Undergrad: 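Before we start, here is the structure in question, set down as structure tokens.
From a predicted model like this one, the values you see are computed outputs, not experimental measurements. Sequence positions, counted from 1, serve as the residue numbers for this chain. Just the heavy atoms: all of them, side chains too, but no hydrogens, waters or symmetry mates, feed the values below.
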Amino acid sequence: MMAGLLPQHVQDVSSQNYSEPKPSLRLSVKVTKWMKTIFSEKATRNLFLFLILNLSFAFVELLWGMWTNSLGLISDSFHMFFDCTALLAGLIATVVARWAANEKFSYGYVRAEVVAGFVNTLFLLFVAFFIFAEAIEARGHIYNTYTYTQHTFL
């Protein structure tokens with residue numbers, strides 16, 4: 001007699017006009033939770049505001065460099081975008097480091113900042129190696145920037 005009152009299967013629940021929250025609603029809840037976590041502490045709030053400031057300067061520099069055809073401004077804007085990725089990794093790691101311990105991670109997530117720093121270091125080493133390889137390849141070549149011709153001396 002009581003067995004008919006409770007759903008016995010997932011299809012029984014879906015047939016009772018039960019609907020899960022929309023994916024966009026779940027995303028907005030997660031974003032709101034992350035923003036509350038970021039703005040709850042002064043260090044993460046300052047890091048987030050510096051990230052926004054750095055991103056805005058990078059976009060302005062990129063747009064101005066494209067408008068004036070300035071390679072120096074464009075390359076510096078990409079440098080600032082790489083800085084923003086490091087800031088974003090640090091911000092995410094700082095928020096994750098505050099998560100509580102659970103069964104899988106009995107000491108919590110405090111090492112997230114160390115892992116983010118290690119990943120950022122690997123990324124910087126990769127970029128430095130790429131620049132070094134390009135410098136070795138371009139050694140001995142002089143490029144005329146006005147006519148785009150190449151002269152080889154070695």
Side-chain angles (χ1 to χ4, degrees), residues 2-3 5-139 141 143 145:
M2 294 291 278
L5 296 177
L6 297 175
Q8 299 294 321
H9 196 269
V10 176
Q11 294 172 346
D12 296 337
V13 173
S14 63
S15 65
Q16 296 176 358
N17 293 331
Y18 173 77
S19 61
E20 287 192 21
K22 296 178 183 175
S24 61
L25 182 63
R26 285 186 286 185
L27 180 64
S28 65
V29 169
K30 287 182 181 181
V31 168
T32 304
K33 185 178 177 182
W34 272 73
M35 293 307 287
K36 284 181 183 178
T37 305
I38 289 171
F39 283 104
S40 68
E41 195 172 305
K42 186 177 181 179
T44 54
R45 181 175 53 241
N46 288 341
L47 193 58
F48 178 75
L49 293 175
F50 184 67
L51 173 66
I52 296 300
L53 182 68
N54 202 11
L55 269 174
S56 62
F57 274 110
F59 276 117
V60 167
E61 205 170 32
L62 179 66
L63 293 175
W64 191 263
M66 289 171 55
W67 188 44
T68 61
N69 202 19
S70 171
L71 186 60
L73 285 176
I74 293 171
S75 64
D76 190 52
S77 70
F78 279 104
H79 173 245
M80 289 179 74
F81 283 128
F82 285 132
D83 289 344
C84 289
T85 59
L87 286 170
L88 184 64
L91 180 65
I92 291 171
T94 304
V95 170
V96 169
R98 282 195 253 143
W99 289 354
N102 56 23
E103 288 184 13
K104 188 173 182 180
F105 298 101
S106 60
Y107 289 104
Y109 294 87
V110 294
R111 292 291 182 189
E113 293 173 333
V114 175
V115 172
F118 179 69
V119 169
N120 187 35
T121 303
L122 289 177
F123 178 70
L124 288 174
L125 285 173
F126 171 75
V127 170
F129 178 75
F130 179 74
I131 291 172
F132 182 72
E134 287 293 319
I136 293 296
E137 183 180 325
R139 192 182 74 111
H141 300 283
Y143 293 94
T145 57

Undergrad: About how many Å separate CD of E134 and CD1 of I131, when rounded to the nearest 0.5 Å?
TA: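 These two atoms lie 9.0 Å from each other.
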Undergrad: Name all residues meeting the side-chain contact (heavy atoms from CB on, under 4.5 Å) criterion together with K104; count only those two or more places apart in sequence or in a different chain, and write none if there are none.
TA: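 side-chain contact (heavy atoms from CB on, under 4.5 Å) list for K104, sorted by chain: N102.
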Undergrad: Do H79 and D76 have side-chain heavy atoms sitting under 4.5 Å apart?
TA: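 Yes, their side chains come closer than 4.5 Å.
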Undergrad: Under 6.0 Å from the CZ atom of R98, do we count more than 12 heavy atoms belonging to anything else shown?
TA: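 Yes - once you tally the heavy atoms of other residues, nucleotides and ligands closer than 6.0 Å, there are more than 12.
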Undergrad: Identify the heavy atoms of A93 and A112 that sit nearest to each other, and give their distance.
TA: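 Closest pair (atom of A93, atom of A112, distance): CB-O, 3.5 Å.
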Undergrad: If you measure from CG on L49 to CG on N54, what distance do you get to the nearest 0.5 Å?
TA: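 Atom-to-atom, L49:CG and N54:CG are 12.5 Å apart.
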Undergrad: Specify the closest pair of heavy atoms between L73 and G65, including all atoms of both residues, with the distance to one decimal.
TA: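 Residues L73 and G65, closest heavy atoms: CB-CA, 3.7 Å.
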Undergrad: Would you mind listing every salt bridge (charged side-chain N to carboxylate O under 4.0 Å, His left out) that reaches into residues 83-97, with sequence neighbours excluded?
TA: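 For residues 83-97, and leaving out neighbouring residues, there are no salt bridge (charged side-chain N to carboxylate O under 4.0 Å, His left out) pairs at all.
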Undergrad: To the nearest 0.5 Å, tell me how far I92 CD1 sits from L87 CG.
TA: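 The distance works out to 11.0 Å.
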Undergrad: Determine the minimum heavy-atom distance between L62 and F81, stating which atoms define it.
TA: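 Scanning both residues, the minimum pair turns out to be CD2-CE1, 4.0 Å.
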Undergrad: Using a 6.0 Å cut-off, check whether atom CG of N46 has over 12 heavy atoms from anything other than its own residue.
TA: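 Buried by this count: over 12 neighbours within 6.0 Å.
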Undergrad: Under the ring pair (Phe, Tyr, Trp, His ring centres under 6.0 Å) test against F123, which residue among F130, F118, F82 passes?
TA: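 Option passing the ring pair (Phe, Tyr, Trp, His ring centres under 6.0 Å) with F123: F82.
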Undergrad: So which atom in A58 and which in S77 form the shortest heavy-atom distance, rounded to 0.1 Å?
TA: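 What the structure gives for the nearest pair is O-CB, 3.5 Å.
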Undergrad: Is it the case that over 12 heavy atoms from other parts of the model lie below 6.0 angstrom from the CE atom of M35?
TA: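 Counting other residues, nucleotides and ligands, CE of M35 exceeds 12 neighbours.
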Undergrad: Give the minimum heavy-atom separation between Y107 and A101, together with the two atoms involved.
TA: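 Shortest heavy-atom separation between Y107 and A101 comes out as C-CB, 4.2 Å.
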Undergrad: Side chain of S75, backbone of G72: donor and acceptor closer than 3.5 Å?
TA: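 Yes; at least one donor-acceptor contact below 3.5 Å.
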Undergrad: About how many Å separate CD of E61 and OG of S56, when rounded to the nearest 0.5 Å?
TA: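 It is 11.0 Å, given to the nearest 0.5 Å.
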Undergrad: Could you give the distance from OG1 (T37) to CH2 (W99), rounded to the nearest 0.5 Å?
TA: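 The distance works out to 9.5 Å.
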Undergrad: Please determine whether the number of non-hydrogen atoms from other residues, nucleotides or ligands lying under 6.0 Å from atom CZ of F57 exceeds 12.
TA: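 Not buried by this count: 12 neighbours or fewer within 6.0 Å.
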Undergrad: What's the spacing between L125 CG and T121 OG1 if we round to 0.5 Å?
TA: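 One gets 6.5 Å once the value is rounded to the nearest 0.5 Å.
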Undergrad: Search all heavy atoms of I38 against all heavy atoms of T44 and return the closest pair with its distance.
TA: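 Closest pair (atom of I38, atom of T44, distance): O-OG1, 2.5 Å.
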Undergrad: With sequence neighbours excluded, tell me which residues meet ring pair (Phe, Tyr, Trp, His ring centres under 6.0 Å) with F78.
TA: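 For F78, no residue satisfies ring pair (Phe, Tyr, Trp, His ring centres under 6.0 Å) once neighbours in sequence are set aside.
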Undergrad: Is W34 atom CH2 crowded by more than 12 heavy atoms from other residues, nucleotides or ligands, each under 6.0 Å away?
TA: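 Correct, the count exceeds 12.
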